[in-house]
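Structure, as structure tokens:
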Amino acid sequence: MDLPTLSLTELRRLQSKVETEIRRRSDNTRRELIKKMQKMAADEGLSLSDLIGSAPASDDKRSPATRKAKPATKKNSPIPAKYRHPENPAITWSGRGRKPQWVVDWLAQDKPLAELEIAAEK
């Protein structure tokens, strides 16, 4: 097969066929390996789930790279404030993420961030 002579449509069709064949062979190899491992475990009087601790095969046939990640669980409590505005005690900052403008202004005056710490007030 001379790839440079193929049209773009023919190349895309070929690419689709190649991807389909790769998936088919990968799935077949995976199933055969699972069968071999189950047989090896059975020969020793065990099941594959005894060795692994979970089901040997996932129902999700997508590759790990294409599976959607589970959303991160969010804690119900907000992050406690670490810094307080010098003039307005109602304004606080946790110390995470982008610095608020009042912190940037404070630091621009060559004042230490430690003076804004809530723990320093106590």
Side-chain angles (χ1 to χ4, degrees):
M1 178 177 301
D2 194 17
L3 293 179
T5 62
L6 296 177
S7 71
L8 184 58
T9 304
E10 291 170 325
L11 286 171
R12 286 189 175 138
R13 196 172 299 130
L14 179 62
Q15 179 184 18
S16 176
K17 288 180 180 179
V18 168
E19 289 171 352
T20 300
E21 184 63 19
I22 289 171
R23 270 192 306 274
R24 187 186 66 76
R25 288 187 189 187
S26 176
D27 290 346
N28 286 343
T29 301
R30 183 174 167 271
R31 279 192 292 271
E32 288 174 16
L33 282 172
I34 289 173
K35 285 180 186 177
K36 286 179 185 178
M37 290 188 299
Q38 286 172 331
K39 184 181 180 322
M40 289 172 62
D43 290 345
E44 298 296 325
L46 300 168
S47 71
L48 193 53
S49 61
D50 290 338
L51 298 174
I52 296 174
S54 64
S58 170
D59 290 339
D60 193 354
K61 298 206 187 282
R62 295 176 292 169
S63 68
T66 59
R67 288 187 198 130
K68 288 187 178 178
K70 293 181 182 177
T73 57
K74 213 175 188 184
K75 293 182 180 178
N76 293 336
S77 60
I79 299 168
K82 188 172 179 182
Y83 303 98
R84 188 176 312 279
H85 190 283
E87 296 166 6
N88 184 350
I91 302 173
T92 60
W93 176 50
S94 68
R96 294 188 181 181
R98 190 171 151 190
K99 291 181 182 92
Q101 188 60 46
W102 58 269
V103 173
V104 173
D105 294 341
W106 181 267
L107 295 173
Q109 297 172 14
D110 289 328
K111 296 181 180 177
L113 186 61
E115 288 182 18
L116 297 176
E117 287 184 11
I118 294 174
E121 294 175 0
K122 296 176 181 174

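- Leu33 and Ile22 sit in two unconnected hydrophobic clusters of ILVMFWY residues. Membership requires side-chain heavy atoms under 4.5 Å apart, directly or through other members.
- Here NZ of Lys35 is found 7.5 Å from CD of Glu32. Values are rounded to the nearest 0.5 Å.
- In Met40, the CE atom is not crowded: 12 or fewer heavy atoms of neighbouring residues, nucleotides or ligands sit closer than 6.0 Å.
- The OG atom of Ser16 sits 11.5 Å away from the CD atom of Glu21 when rounded to the nearest 0.5 Å.
- Listed by chain and residue number, Thr9, Glu10, Lys17 satisfy the side-chain contact (heavy atoms from CB on, under 4.5 Å) test with Arg13 (two or more places apart in sequence, or in another chain).
- Thr29 contributes a side-chain N or O that, together with a main-chain N or O of Arg25, makes up a donor-acceptor pair within less than 3.5 Å.
- Taking CG of Leu14 as the reference point, atom CD of Glu19 lies at 10.0 Å (rounded to 0.5 Å).
- Looking only at distances, no side-chain donor or acceptor of Arg84 sits under 3.5 Å from a matching main-chain atom of Ile118.
- Counting only residues at least two apart or in different chains, ring pair (Phe, Tyr, Trp, His ring centres under 6.0 Å) contacts with residues 23-45 are absent.
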Does the side chain to side chain contact (heavy atoms under 4.5 Å, CB included) test come out yes or no for Leu11 and Gln15, once each step is laid out?
CA-CA 6 Å; Leu11 286 171; Gln15 179 184 18; over 6 Å; no
Under 3.5 Å donor-acceptor pairs involving side-chain atoms of residues 100-107, not counting sequence neighbours:
unit_1, atom_1, unit_2, atom_2, d
Gln101, NE2, Asp105, OD1, 2.7
Trp106, NE1, Pro112, O, 2.9

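- In this structure, CG in Leu113 is found 7.5 Å from NZ in Lys99, a value given to the nearest 0.5 Å.
- Rounding to the nearest 0.5 Å places NZ of Lys39 at 10.5 Å from CD of Glu44.
- Heavy-atom minimum distance, Ala41 versus Ser47: CB-C, 4.0 Å.
- No donor-acceptor distance shorter than 3.5 angstrom exists from the side chain of Asp27 to the backbone of Arg24, with no hydrogens or angles considered.
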